[in-house]
There are 2 protein chains.
Amino acid sequence: MSKESTSRTRKPKRGQTREALMAAALDLVVKKAPFSALSLREVTKKAGVVPTAFYRHFPDMSALGLTLLDESFRTLRHMMRQVRQEELPNERMLRGSLEVYFNYVRNNRAHFLFVSKELAGGTPTMRNAIRREIRMFTNELAMDMARFPFLNHVNAEDLQMMAGLVVNNVTALTQEMLELEEDDEFGQNQVLGTAEKQLRLIYFGVGMWKSKPDQ
Amino acid sequence: MSKESTSRTRKPKRGQTREALMAAALDLVVKKAPFSALSLREVTKKAGVVPTAFYRHFPDMSALGLTLLDESFRTLRHMMRQVRQEELPNERMLRGSLEVYFNYVRNNRAHFLFVSKELAGGTPTMRNAIRREIRMFTNELAMDMARFPFLNHVNAEDLQMMAGLVVNNVTALTQEMLELEEDDEFGQNQVLGTAEKQLRLIYFGVGMWKSKPDQ
DNA sequence: CGTTTTCGTCAACACCTGTACACACAATTT
DNA sequence: AAATTGTGTGTACAGGTGTTGACGAAAACG
């Protein structure tokens with residue numbers, strides 16, 4: 001047991017180093033700084049791997065970032081699709097949907113923090129990718145609203161405007177949520193309550209809305 | 001003219017280096033990266049000054065950041081106060097207020113970009129300072145709304161909720177505005193138009209709102 | 001079994017980072 | 001006029017950065 005060839009090149013780890021790198025980056029985002037401020041070396045260090053090993057899995061940091069982004073939104077899209085499949089939107093299901101959503105946020109805090117910080121502060125590539133995803137959610141929401149009999153008389157542009165209003169607010173409330181401590185249940189319930197009221201108010205406004213028929 | 005003692009220590013510049021440092025940092029934020037990603041050295045380089053000169057004006061970069069933040073909000077507060085002094089809010093003045101605001105954003109693009117990027121990605125100190133300012137605006141808006149006869153029956157908590165709704169949206173729209181090119185007047189008008197509709201919709205919702213009297 | 005591919009390691013590089021220090025000139029105060 | 005304070009400069013250092021290259025062991029494949 002004393003002699004073991006060179007004794008320092010023995011860590012196969014199969015395909016798990018890649019995951020370790022992503023997890024390390026995500027963890028640093030939560031505890032330290034926005035992703036754009038992380039260095040390749042500290043990520044590999046946290047992943048328990050030598051710096052050059054990084055290149056076996058990603059060409060550079062920005063590639064890691066885009067992978068992380070993809071991971072973040074893939075699961076989020078999945079959840080949204082499930083919520084969408086339920087009945088048509090109405091006032092009653094509002095609270096339930098919000099609870100599902102914010103619960104998901106809490107269970108994926110790291111990913112949301114990552115996205116939130118890069119939304120304004122990331123590279124142009126990153127920002128555009130995120131904004132594209134958000135726009136997609138807005139479009140889907142607008143399509144759902146279009147199927148709502150209540151809104152037959154609202155034209156497409158106004159539906160988009162309304163969906164944007166909702167998404168803007170949910171985004172802002174999500175960021176507010178992320179600023180709270182993980183165990184601050186009181187604060188979290190408060191945000192949830194505010195969210196419900198705000199969306200209900202929007203719901204009222206939507207009911208009053210009259211689109212110009214020609215525009 | 002050939003001999004001039006040492007010939008390289010002659011740049012008094014009085015008190016203008018400080019401003020040069022702030023301007024350089026702001027410029028780098030617009031053209032390069034969020035403030036938190038700037039290095040002391042590149043700021044001094046852009047300001048045309050040697051790195052160590054930095055310490056004559058700020059103890060470190062984060063002090064520069066806080067000064068920049070103060071500058072950003074001092075002028076913004078000033079503008080807001082002027083808008084606030086006008087007549088009570090009503091539907092007619094909506095467009096005008098939005099035009100004033102977004103025009104101000106366009107004329108202070110660098111400051112808003114700086115704030116926007118630090119809001120989510122800055123140090124905790126920075127983030128809290130910004131969020132405190134935003135909360136202040138929300139409070140002032142809620143107070144203005146309280147003086148609106150139309151809203152006599154709305155309790156304080158709900159006023160806060162409504163003001164938050166407005167501020168959340170204006171914040172999001174501001175960031176959307178900042179993503180546009182400076183000369184993209186079409187896009188800017190589009191955002192302005194959307195903003196007007198969204199706030200009008202909120203206005204409708206506010207009109208329908210009924211507070212629980214006891215809560 | 002032997003061969004090839006995958007993947008982690010080490011050493012080294014050129015560069016950038018914040019900051020300490022001593023120095024020199026300018027402005028201001030005495 | 002002399003002394004003090006303010007402000008910009010050059011040098012220097014220790015440490016962090018991304019990336020190259022050659023090396024070797026483990027895993028996958030034949």
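Worth knowing before you read on, the calculation uses all heavy atoms, side chains too, and leaves out hydrogens, waters and symmetry mates. Predicted, not measured: the structure shown is a model, and the values here were computed from it. Throughout, protein chains are lettered first and strands after them, A, B, ... in sequence-line order, and every chain is numbered starting at 1.
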Taking the basic N atoms (NZ, or NE/NH1/NH2) and the acidic carboxylate oxygens, is any pair closer than 4.0 Å for B:Glu196 and B:Arg200? yes
Any side-chain donor paired with an acceptor under 3.5 Å for A:Gln160 and A:Thr138? no
Separation of atom CG in A:Leu21 from atom P in D:dG18, rounded to whole Å: 13 Å
Value in whole Å for how far the P atom of D:dG8 lies from CZ of B:Phe58: 11 Å
Toward the 5' end of DNA chain C, which comes first, B:Leu40 or A:Arg41, by nearest nucleotide? A:Arg41
Taking the side chain as C-beta and beyond, is there a heavy-atom pair between B:Val50 and B:Thr44 under 4.5 Å? no
Rounded to the nearest angstrom, tell me the gap between atom OH in B:Tyr55 and atom P in C:dG18. 7 Å
Within this structure, what is the CG-to-C1' distance between B:Leu64 and C:dG18, rounded to whole angstrom? 15 Å
Could you measure the distance from the NZ atom of A:Lys197 to the CD1 atom of A:Ile202? Nearest 0.5 Å is fine. 14.5 Å
Using atom NZ of B:Lys45 as one end and atom P of D:dT9 as the other, report the distance to the nearest whole Å. 15 Å
On DNA chain D, nearest-nucleotide positions of A:Glu42 versus A:Arg56: which is more 5'? A:Glu42
Rounded to whole Å, CG of A:Leu38 lies from P of D:dG18 at a distance of 10 Å
Between the base of C:dC7 and the side chain of A:Thr17, is there a donor and acceptor pair under 3.5 angstrom? no
Output the rounded distance in Å from CE (A:Met61) to P (D:dT19). 10 Å
Here the distance between atom P of D:dG8 and atom NE2 of B:His57, to the nearest Å, is 4 Å
Using the side-chain heavy atoms of B:Ser39, tell me which of these nucleotides is nearest: C:dG18, D:dT9, D:dG21. C:dG18
